[in-house]
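Sharing a structure below in C-alpha cells format, with a few things to ask.
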Amino acid sequence: MKVLVANRGEIAVRIIRACRALGLGVVAVYSDCDRGALHVRLADEAHRLGPAPSTESYLRIDAIIDAARRSGASLVHPGYGFLAENPAFADACRQAGLTFVGPSADAIARMGGKTAAREIALGVGVPVVPGTPPFEADAPEAEIVAAAETVGYPLLIKAVAGGGGKGMRTVEWPGQLVDAARRAASEAQSAFGDGRCYMERRLVEPRHVEIQLIGDHGGRIVPFVERECSIQRRHQKVVEESPAVALPHETRHAMADAAVRIARAVGYTNAGTIEFLVDRDGSFYFLEMNTRLQVEHPVTEAVTGVDLVQWQLRVALGEQLTLDPARTLEPRGHAIECRVYAEDPDRGFLPSPGLVTSVTVPSGPGVRDDRGVTDGDDVPVYYDPLIAKLTVWGETRGAAIARLRQALDEYRVTGVHTTLPFFRWLVRQPAFVAGAVSTTYLDGVLAGRREPFVQPTEQQLRDAAIAAAVAAWRARADTRTTSSGTSRWLLAARKEQLR
Amino acid sequence: MKVLVANRGEIAVRIIRACRALGLGVVAVYSDCDRGALHVRLADEAHRLGPAPSTESYLRIDAIIDAARRSGASLVHPGYGFLAENPAFADACRQAGLTFVGPSADAIARMGGKTAAREIALGVGVPVVPGTPPFEADAPEAEIVAAAETVGYPLLIKAVAGGGGKGMRTVEWPGQLVDAARRAASEAQSAFGDGRCYMERRLVEPRHVEIQLIGDHGGRIVPFVERECSIQRRHQKVVEESPAVALPHETRHAMADAAVRIARAVGYTNAGTIEFLVDRDGSFYFLEMNTRLQVEHPVTEAVTGVDLVQWQLRVALGEQLTLDPARTLEPRGHAIECRVYAEDPDRGFLPSPGLVTSVTVPSGPGVRDDRGVTDGDDVPVYYDPLIAKLTVWGETRGAAIARLRQALDEYRVTGVHTTLPFFRWLVRQPAFVAGAVSTTYLDGVLAGRREPFVQPTEQQLRDAAIAAAVAAWRARADTRTTSSGTSRWLLAARKEQLR
Amino acid sequence: MTVDVEVGGRAFRVSLTRVGTADAPDVVRIVLQPLDDPDAADTRTMHVEPRAHGLTLIDTSDDRVIDAAVLARPHGHWLVQLPGVDLSATIDGRRRRESGGTAASGEQRITAPMPGRVLRLLVAVGDTVAAGQAVVVIEAMKMENALTAEAAGVVREIAVEEGMSVEAGRLLLRIE
Amino acid sequence: MTVDVEVGGRAFRVSLTRVGTADAPDVVRIVLQPLDDPDAADTRTMHVEPRAHGLTLIDTSDDRVIDAAVLARPHGHWLVQLPGVDLSATIDGRRRRESGGTAASGEQRITAPMPGRVLRLLVAVGDTVAAGQAVVVIEAMKMENALTAEAAGVVREIAVEEGMSVEAGRLLLRIE
C-alpha cells in the first residue's frame, strides 16, 4: 500500500519515515525547484506537480490527485501548511477514492473557520477570548472601526483561514487599526486565498498552551499532555516545549477535557490540536483548532514515546486507538524544540535562501533532528524557510536546557544564514531559563536589541580575514584555468570575481 | 573545569557531548592522522600525542598526562579501548593529581585479569563457566594440552587482558588447540601488550546478557536493566538490545543482585558492566567484568532515560547517585543498537579504510546516531573501524525493529564500504525477528553464505554503468586541465586514470 | 599576493606566499597585519584543504584548525562562516569603492536583501521620508518584509514596480 | 566517447555525447547497450551535477535521479555506490587486461585487500597449498585477517616479508 505525501521539506521527510516504519510505500511530489530535494530522494517514486511557485505546484489539488492516481497511492498525507487545512482538498481526495490522512472535510471546514470554531467551543462550555464576527477584505473603514470598539484595545487582527502567524496583526491603539486590517487581509489573501479577518481582545502577557489529540473512527479521542508555545516572534512559534512550565495538574486535565469536548462536537478524527491562551490568573480560553499535524509534534512524541505520525496513518487505515489516556497525559521528562529557519537573525530575521554547502548535526542521547535539507540541497525562495527542527529531551527541564545548549553549539549549517545564533542567545536568557515567558516576551526583547546575537572574538576576526584572503586567492587562481569538478562555492566565487 | 578525553572516534564525540551538557570544558587529544578529526573539531582545544600508530599516540600514558598538564584539565575520561582498562593509566592519572573518570586502579587490576575476576565472582557466590588458570604466551605445548583436558571440548581460548573479541579463539577439537593458542597469544600480545591467555568451557548456544551498573564514592551501586548482546561475529558484538528477549523478571533481578555483589566485592566506583552467559536452561554464569563505559551503553540510555556518561562524570566529581534502582531496572520500551563498521561485508568483513565522501543520516523519533566521522573525514587504517552506532527505540521490540529497518534503509555512507548492507539483511532474518539467537548464531549463518548481502536490480546495474561512464568521461576531461578546486573523488579518479 | 580584508569593522592586510612542495602543494605562508596596529603582525604557515563548503586551514605550528565556509556574495562581499559566527567581509575595499562614495554624498540605496517580489511601494518619487520609515514591502518565502529608510531624506528614484520579482542586491529606491 | 563498462557480471557499451548549451553545459545524451542483448539499447538525456561525493544525474524525460558516489580504485576498478548497493565496475576491460591473463595460466596472485601489515607468512616458496588454505595473515585496523588460496597450487613467489607494511593491491604471493 502506498502513501502520497503531499508536502515538501522536513515534514515530508518526517512522514516518509513513519510510512517506512509501517511498511507502507511512499510517493513524493515535487515542484520544479525541488526535483532533487531530500524528500524526493527518500521516496520510492516521485511525481512532478508543476513550476516552483506553490500556487502552481503544492497548492494544486488537481495535480496532486492526478499524481496519486498515476502512482496507485491509496492514502494522501497533507502534512502541515499548503493544503493541509483545505476542506476542498480533503473532499477531492475522498471523491477520488483516496484516504485523506486527517479529519473529515466537514470537520476541517467547521473548525478551520476561526469564528465558527469559537461558536463550537462556546457551545460545549469552553470559554473563548472576546472577539468580533469576520469582516471582508474590502469592508468599509467605519465597519472595521466599529467592530474594534466591541473588543477594545489592544486587539489582534487574525485571518479566518489563518495559521503560522500569517495574516495576523497587533493593534495597540486606534490609529493603527485600518492600515493593519488592510495588511492582514492582503497577507491572508495571498497566503490562504481568503482575505477575511476578525478581531480578538488581546490578553496581557498570556501563555500559549495547547492540547494535542487524536481520534479514531470508532469515536475514541485521546488527549495528550500539553505543549507550551509561548515563545513567538510576530505570532509565529519559535520554541515549543512539553510539558508547560508550572501548569497545575488540574489545569492540564481541565484543558484536556475541554479539548476532547470540542473535538467530539465535530466528530473529529485523526490528529488535531486545540490551542488555548492562559491568562495570568490561570484561566484558559479556547483560541483555535489546528486540524492537522503540527510543526511542534516532536515534543509530544519525546515525552510520551508515542509516534503521532504512525498513529495518524494507523487511524486513517481504520485501526482503533489503543493508547492509554492515563499514560499520554503523564509526561516522562521534558522536551524542547527549536525551529531552525534559513533567516539572518542579525538582519531582522530576513529570509536567507540559497545552497546549503554543509550541515553538521548534533546527536547523542535525547537529541532529535528533523531536517528537510542536507549539504548540496537548496533552500528555495518560494516556500517557508524552516529547514530543521531540533528537539531535545531531558529528565528535567534543566537537563533538557543543558542538552539543548550543547546541541545548538554543535549544530552548524553553512551556505545560508540560520536562526541558530539567535537560539544560542535565547536559551541563555534568564526569562527562558526560568520559564517566565508569555506570547509577548520575544517581540518585547527583540524590539530593544541592536547588537548582533554573536560577538566575534579577535581570534575569529583574524581567522575570517585569513579564510577570505585564501578563498580570494584560490578563486583568482582558478579563473585562469578551466575545471569541470570545481566545488560550487568556488564556481560562485569565481563568477563574483569576474563581475 | 576541563575534561581531557583520552580517546578518538564516536566515543570521544559522545563524551564531549556529555561534558558540554554539564558545562565542562573539553580537551581533545589526537595522533597525526586525526589532526582534523571530528572529535578534535568539537573540542575547545586539542593536543597532539604523536604519530598515527596507537602505541605512539593513544596508548602513550606519558603523552596524555602531559597534555592534561599543559591544558589544565582536571579530569580524564578514557572512553573504551586504548587505555580504558589499564590500571597503570588510572594510577598515573591519580599520581598526576587528575581525576580518572572510572574505577580505581585497584578495581581495574582486580577485575581486569579475567581469571582473578572469576575467583572474585565465585567468592560472592556467583557461578562461573568452568575454566583454567592463565598460561604464558610461550607455555610448553604439553601444558596447554593438559590444561585443555580439564575443561573439555569445545572450548574457548581468551586473553587475560582481553576485550572486543581480540585474542579469542574457539577450539572445536584437540587438533586445533596449539595453533589457536599461539595465535590468540600473539594477537593478545599485539593488542594489549600481555600475551597471557586461559581456556574456558564453551556452552552450547548460550546467550550473552550483561548488567550495566554504576557506583558512587559513598558505596551506592545502582544496577540497570540487562542488555542482550548475543549477536556476535567472531566473539565481537554487532547488535545489542535492551531488554533481553524473553528473560524472566526473576532472572533479571537475580543477575542484577549478582552484579552488585561482585562490584561491591572490589569497592567498585563509576560505570562498569558484568557480563553473563545464559545457558539454555536459564541458568547464568559470570563471564567477565568490563571496568569502563561500553560501546553498547546507548541502548540502556534509551530504555531508562539515564545519561550514563553524564553520571560517570558526576560520580567522578563526587556527586551521590540519586537514581532509583526500581526505575533503572524497569525498562520503558525496547532499544536496539547496530555497530556500523567501515568493513566490506561481501568480502568477509575486510576493513575498508579511506575517505568518507558523504554521509546521509537517518533521524526521526526514537532514532539516535553516534558517529565519529562525517563527510570529508578519514577512516584511518590504524584503529578500530567502528564509524557509527545506530540506536533505535520503540514502544515494543516489534516497533523498534520496524524503525531500525527504516533507519538502516535511510542510512548511507559513501567513500568506504560499511556493514550497513549486512545489517539490512540481518534485521530481516526470522531468527533475529523472533529473538531466537545465541552467541553462535551469526558465525553459523555467515559460514554458509556465499551470495552478497544485496542483489543489485537490473535498474541499478544500468544506473551504475552510466555513472561509471560519466565519471570516467569527466576524469579524462579533467586530466587536460589544471584545477585547484577539483573535488577529491575526481582527483583520485584522475590519478588512477593516469596509471 | 597581498589583499586588504575588512571584517567585523576591522581591517587587515593579508599577504599570501605559496611555500608548498610537490608533496604538499597547498601550504601557504600568511602574514596578517591589523591596519589599526601594524606592529601586531602575525605570521603563520598553513595547510590549505579544500572542502565542499569552503576551506580547512591547519596551522603547521600548533595544528589549530580553521574550518571556514566562504561564499562570494554580490557587490564584492564575502560571507565567511566559522563555527558559531557568520561574518561579512570585503576584499581590497570593494565595498567602499562601490557604495562608499554614495554614502558620503548622503545618498541611500535601498536594495533587495534577498530574492523576492515587490509587494507594495509605500512612497513615491519626491516624497520626504523619516529615518526608520517603511518605504517598500518585499515578499519572500511567504513572509512580508518591510524595508526602512536608514536616515531622513527625499525619494529620488524608484527602480522597481509593484509585483516585480527582484534578485538579491537589486536597487529598489534611491533616497537623498 | 564510447566505453565498455562491466558491472555486477554484466557488460554494457555506453556512448556519451555532450548536448549542453551555454545555459546548461552539463547535459549529456547517453546510449546504453547491454552487450549480451544489443537490441535492448536505452537512450536517455541527463543533467550531470557534480557533488562532493560523486555525481547526481537527472533524467530529463522523467526527472528520475541517480545519486552515485564514484571512486577510482587501484587496477582500473571503479567503486560505484548507489543508495542501498555498492558495485565494482571496470571500464574498457582494464581488469581483464591486467589480471585476466594470469588467471588463464592457472596462476593466483594473492594481493593485499587493504593497507596493513604482514603479520605472518604461513607458507614458503615451493610449498604445496590446498584450496582454502590460509597462506598469509594481514593485520589491519587491529584485526587479523587470514588470506586464503583460491585453488590448490605451489607457492612460486613471496613478494613481502613479515612485519612489512603494504598498500592495498600490493602483490603478496604468487601461487601456480
Side-chain angles (χ1 to χ4, degrees), chain A residues 13-14 16-23 38 41-42 298 301-302 305-310 332-333 358 360-371 374-376 391 393-395 399 402-407 409-410 474-475 477-478 480-487 489-491 493-494, chain B residues 13-14 16-23 38 41-42 298 301-302 305-310 332-333 358 360-371 374-376 391 393-395 399 402-407 409-410 474-475 477-478 480-487 489-491 493-494:
Chain A
V13 171
R14 168 68 186 96
I16 289 170
R17 287 177 173 143
C19 293
R20 294 256 188 255
L22 291 173
L38 185 58
R41 300 201 298 276
L42 289 177
E301 296 185 325
V306 174
D307 189 315
L308 288 168
V309 185
Q310 283 193 29
R332 174 154 166 157
S358 74
T360 308
V361 199
S363 186
V367 176
R368 168 178 170 186
D369 170 62
D370 285 81
R371 206 154 22 88
T374 189
D375 54 296
T391 309
W393 177 91
E395 286 186 271
R403 275 203 180 129
L404 180 57
R405 290 178 181 172
Q406 170 253 312
D409 286 345
E410 213 179 289
R474 288 175 55 86
D478 225 54
R480 293 190 291 271
T481 63
T482 315
S483 162
S484 50
T486 303
S487 67
W489 75 266
L490 207 52
L491 286 171
R494 187 201 300 167
Chain B
V13 171
R14 167 70 187 96
I16 289 171
R17 287 176 174 145
C19 293
R20 293 256 188 256
L22 291 174
L38 185 59
R41 299 201 300 274
L42 290 177
E301 296 185 324
V306 174
D307 189 315
L308 287 168
V309 185
Q310 284 193 27
R332 172 151 169 162
S358 74
T360 308
V361 199
S363 185
V367 176
R368 169 177 170 186
D369 170 62
D370 285 82
R371 205 155 22 87
T374 189
D375 54 296
T391 309
W393 177 92
E395 286 185 271
R403 276 202 181 130
L404 180 57
R405 289 178 181 173
Q406 170 253 312
D409 286 346
E410 212 178 290
R474 288 174 55 85
D478 226 53
R480 292 191 292 269
T481 62
T482 314
S483 162
S484 49
T486 303
S487 67
W489 74 266
L490 207 51
L491 286 171
R494 186 202 300 167

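Proteins come first, then strands; the chains are lettered A, B, ... in the order of their sequence lines, and each starts at number 1. For the numbers below, each heavy atom of this structure counts, side chains included, while hydrogens, waters and symmetry mates do not.
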Query - Partner chain A: residue of B:Arg405, B:Glu410, B:Arg14, B:Glu301 with the largest heavy-atom pair count (under 4.5 Å) - result: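 Ranked by heavy-atom pairs under 4.5 Å with chain A, first place is B:Glu410.
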Report summary line: Highest number of heavy-atom pairs under 4.5 Å with chain B among A:Gly364, A:Ala402, A:Pro362, A:Pro365 belongs to A:Pro365
Query raised in the report: Measuring from B:Leu42:CG to A:Thr360:OG1, what's the distance to the nearest 0.5 Å?
Result: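 The OG1 atom of A:Thr360 is 8.0 Å from CG of B:Leu42, to the nearest 0.5 Å.
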**Report entry** Atom group of B:Val309 that falls short of 4.5 Å from chain A, counting heavy atoms
**Finding:**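 Answer is neither: B:Val309 stays 4.5 Å or more from chain A.
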Report summary line: Of the listed A:Ala21, A:Ser363, A:Gly305, the one with the largest count of heavy-atom pairs under 4.5 Å with chain B is A:Ser363
Requested in this report: Evaluate the criterion side chain to side chain contact (heavy atoms under 4.5 Å, CB included) for residue pair A:Gln310 and B:Arg403; output intermediate values, then yes/no.
Outcome: CA-CA 11 Å; A:Gln310 283 193 29; B:Arg403 276 202 181 130; 4.1 Å; yes
Query raised in the report: Going through the distances and angles, do A:Gln406 and B:Cys19 end up as a side chain to side chain contact (heavy atoms under 4.5 Å, CB included)?
Result: CA-CA 9 Å; A:Gln406 170 253 312; B:Cys19 293; over 6 Å; no
Query raised in the report: Who wins among A:Arg41, A:Arg368, A:Glu395 for the most heavy-atom pairs under 4.5 Å with chain B?
Result: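 Greatest number of close heavy-atom pairs with chain B: A:Arg368.
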**Report entry** Under 4.5 Å from any heavy atom of chain A - which part of B:Pro298
**Finding:**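 Contact with chain A involves no heavy atom of B:Pro298 at all.
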Requested in this report: Please list, chain by chain and in numerical order, all residues satisfying side chain to side chain donor-acceptor pair (under 3.5 Å) with B:Arg20, sequence neighbours excluded.
Outcome: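 Here the qualifying residues are B:Asp44.
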Requested in this report: Only counting residues at least two apart or in another chain, list the ones meeting side chain to side chain donor-acceptor pair (under 3.5 Å) with A:Asp375.
Outcome: none
